[in-house]
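For reference, the structure discussed in these notes is given below.
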Amino acid sequence: MTGKIIPSKNIIEVRQGDTFVIKLQFHKQSAEIDLHDAQIMMQVRRKDDDSLLFSLEALPIEAEKGKFSFVLSPVQTGLAEGEYKTDMQIILNDGSVHTFFPADVNQIGIFRITQQVTK
């Protein structure tokens, strides 16, 4: 499970072919928030032509407490070494969409695949 998120640089970094779990905890004014009807999505696309490489829905862990996780499989992290673009959004039951990664509306998230040795 080799990976990390660097929020200050809008980067998700994972070793090629590894499983990586991204744990999420949503709050509203420091209190737990019930998100049992919410959908949380992540997409990764090529930088050059914007083609979709994969789309992933977060799994509820304790949705009533705002806890979810993305589980990236070796298939999803098995992309060629390099940088791709990504974002994560929450779609609430009222239909509103909120991008939470990257938090800066003027930035694009980076999904970086680093080199592996054991294949």
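There is a path of hydrophobic side-chain contacts, each under 4.5 Å, that joins L35 to L56. Linking Ile, Leu, Val, Met, Phe, Trp and Tyr residues whenever their side-chain heavy atoms come within less than 4.5 Å leaves I90 and M41 in two separate clusters. Hydrophobic clustering of Ile, Leu, Val, Met, Phe, Trp and Tyr side chains at less than 4.5 Å, counting indirect connections, unites L53 with I12.
In this structure, E83 CD and I108 CD1 are separated by 13.0 Å, a value rounded to the nearest 0.5 Å. Between the OG atom in S30 and the CD1 atom in I33 there is a gap of 12.0 Å [rounded to 0.5 Å]. Here OG1 of T86 is found 11.5 Å from NZ of K47. Values are rounded to the nearest 0.5 Å. Taking CG from D37 and CD from Q39, the interatomic distance works out to 11.5 Å, rounded to the nearest 0.5 Å. The CG atom of L24 lies 9.5 Å from the CE atom of M42; values are rounded to the nearest 0.5 Å. Taking OG from S69 and CD1 from I61, the interatomic distance works out to 3.5 Å, rounded to the nearest 0.5 Å.
Scored by the side-chain contact (heavy atoms from CB on, under 4.5 Å) test, Q107 finds N10, P102, D104 as partners (sequence neighbours excluded). Among residues two or more places apart in sequence or in another chain, the side-chain hydrogen bond (donor to acceptor under 3.5 Å, both in side chains) test is passed with K9 by none. Partners of D49 under the side-chain hydrogen bond (donor to acceptor under 3.5 Å, both in side chains) rule, at least two apart in sequence or in another chain, are S51. Taking the side-chain contact (heavy atoms from CB on, under 4.5 Å) definition, one finds that E32 meets it with K65, sequence neighbours left out. Applying the side-chain hydrogen bond (donor to acceptor under 3.5 Å, both in side chains) criterion to R45, with sequence neighbours excluded, gives Q43. Residues that satisfy the side-chain hydrogen bond (donor to acceptor under 3.5 Å, both in side chains) test with T118, not counting sequence neighbours, are absent from this structure. Take D94 and apply the side-chain contact (heavy atoms from CB on, under 4.5 Å) test, not counting sequence neighbours, and it matches L92, S96.
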Side chain to side chain contact (heavy atoms under 4.5 Å, CB included) evaluation trace for V21 with L72: CA-CA 6 Å; V21 178; L72 283 76; over 6 Å; no

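Within the 4.5 Å cutoff, no side-chain heavy atoms of V14 are placed close to those of T114. You'll find the side chain of K23 stays beyond 4.5 Å of the side chain of Q25, heavy atoms only. The shortest side-chain heavy-atom distance between T19 and P74 falls under the 4.5 Å cut-off.
Put simply, the side chain of R15 gets close to the backbone of Q115: a donor and an acceptor are under 3.5 Å apart. Side-chain atoms of T99 never come within 3.5 Å of backbone atoms of Q89 as a donor-acceptor pair (strictly under, hydrogens ignored). The closest donor-acceptor contact from the side chain of Q16 to the backbone of L79 lies under 3.5 Å.
Sorted by first and then second residue, the pairs that involve residues 50-105 and meet ring-ring contact (aromatic ring centres under 6.0 Å, His included), not counting sequence neighbours, are F26-F100, F54-F111. Here ring-ring contact (aromatic ring centres under 6.0 Å, His included) pairs that include residues 32-53, with residues two or more places apart or in two chains, number zero.
Through chains of ILVMFWY side-chain contacts below 4.5 Å, I11 is grouped with I6, I110. Under a 4.5 Å side-chain heavy-atom criterion applied to ILVMFWY residues, the cluster that includes V105 comprises that residue alone. Think of V117 as one node in a network of Ile, Leu, Val, Met, Phe, Trp and Tyr side chains linked at under 4.5 Å; it has no links at all.
Across all their heavy atoms, K85 and R46 have their closest contact at CE-O, 3.6 Å.
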